[in-house]
Amino acid sequence: MIAIYPGSFDPITLGHLDIIQRGSRLFDKVIVAVLRNPNKVPLFTVQQRLEQIRIATQHLPNVEADSFDGLTVNYAQQRQAQVLLRGLRAISDFEVELQMAHTNKTLSTQIETVFLATSNEYSFLSSSVIKEIARFGGSVDHLVPPHIALDIHKCYNHNYPIANPTTTAIIPPLQSIPMESPTGTTPEAEV
Ligand code: PNS
C-alpha cells in the first residue's frame with residue numbers, strides 16, 4: 001500500500017521525520033509530497049525542501065520525496081496511493097485535520113486518511129516554531145537534522161559553527177533571506 005505524506009515541510013522537522021519513519025514501517029511506500037503553494041512565502045524553495053527531505057530520509061529505502069500542486073487527492077490518485085498520512089500533535093490539530101480528512105473524502109471516496117499520533121517529545125514542534133527560534137538566534141539543533149540546522153542558520157545569516165556535522169549539505173549556500181518579503185508580507189505560519 002502506498003501512502004502520501006503531504007505538507008509544506010518548510011523545513012522538515014524531527015516531528016515530521018518521526019511520522020515518516022513510523023509510516024515507512026506501516027506502508028510499502030511513503031511519498032513525502034511537498035505542496036507547491038503560490039499563496040505562501042516560504043523560507044526554503046521547493047527544490048531545497050526536497051533536497052533536505054531526501055538527505056534526512058536517505059536511510060529509509062521505501063521513502064520518496066516529490067512535489068505537487070493542486071488537490072492532494074488528485075496527486076494521490078496520480079501516484080496510485082490509497083492513503084494520506086498525517087500526524088496529530090494535539091487537540092488543536094484535530095479540528096483542522098478532521099475537516100481536511102472529511103473534505104478529501106468528499107473528493108475521493110477511494111482514499112483514506114490515516115493519522116499517527118506524534119511522539120510525545122515532538123508534540124510541541126512545528127516548522128513555524130523552528131523558524132521563530134532561529135530568527136532570534138536560538139539553536140535548533142535538537143529539533144531538526146544537522147544539515148537543516150545549518151541551512152536555517154545560513155538563512156538568518158548567523159555565524160553558526162556546527163560541532164559535528166553528520167552530512168555535507170548539498171544545498172548551495174543560501175543568500176540571506178529578509179524577514180519580510182519584497183511585498184512586505186511575512187512568511188505565513190504553518191505546521
Ligand atoms: O504542512 P501543512 O501546511 O499543514 O500541509 C497542508 C496540506 C498541504 C496537507 C494541505 O494544505 C493540502 O492538502 N493542500 C492541497 C490542497 C487540497 O487538497 N485541499 C483540499 C483539502 S482541505
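Read the numbers this way: they start at 1 and go in the same order the structure lists the ligands and their atoms. Side chains are part of it too, since the values below use all heavy atoms of this structure and drop only hydrogens, waters and symmetry mates.
- Contacts of Val73 with ligand 1, taken as heavy-atom pairs under 4.0 Å, are absent altogether.
- Contact annotation: the side chain of Ile152 approaches that of Pro11 to within less than 4.5 Å [non-hydrogen atoms, C-beta and beyond].
- Interface atoms of ligand 1 facing Gly70, defined by a heavy-atom separation under 4.0 Å, are 15 (C), 16 (C).
- Results of the side-chain contact (heavy atoms from CB on, under 4.5 Å) test with His16 over Ile19, Leu14, Ile12 single out Ile12 as the only residue that passes.
- Heavy atoms only, all atoms of each residue included: Ala33 and Tyr75 are closest at CB-CE2, 3.6 Å.
- Counting the atoms of ligand 1 from 1 in the order shown, those under 4.0 Å from a heavy atom of Lys40 are 3 (O).
- Checking only distances, Thr72 does come within under 3.5 Å of ligand 1, N or O to N or O.
- The proximity of Gln99 to ligand 1, defined as any non-hydrogen pair under 4.0 Å, does not occur for either the backbone or the side chain.
- Looking at Asn104 next to ligand 1, no N or O pair under 3.5 Å apart turns up.
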Check the pair Thr45, Arg49 against side chain to side chain contact (heavy atoms under 4.5 Å, CB included), reporting the backbone distance first and the verdict last.
CA-CA 6 Å; Thr45 66; Arg49 281 178 267 166; 5.9 Å; no

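- Taking every heavy atom of both residues into account, Arg79 and Ile4 meet most closely at CB-CD1, 4.2 Å.
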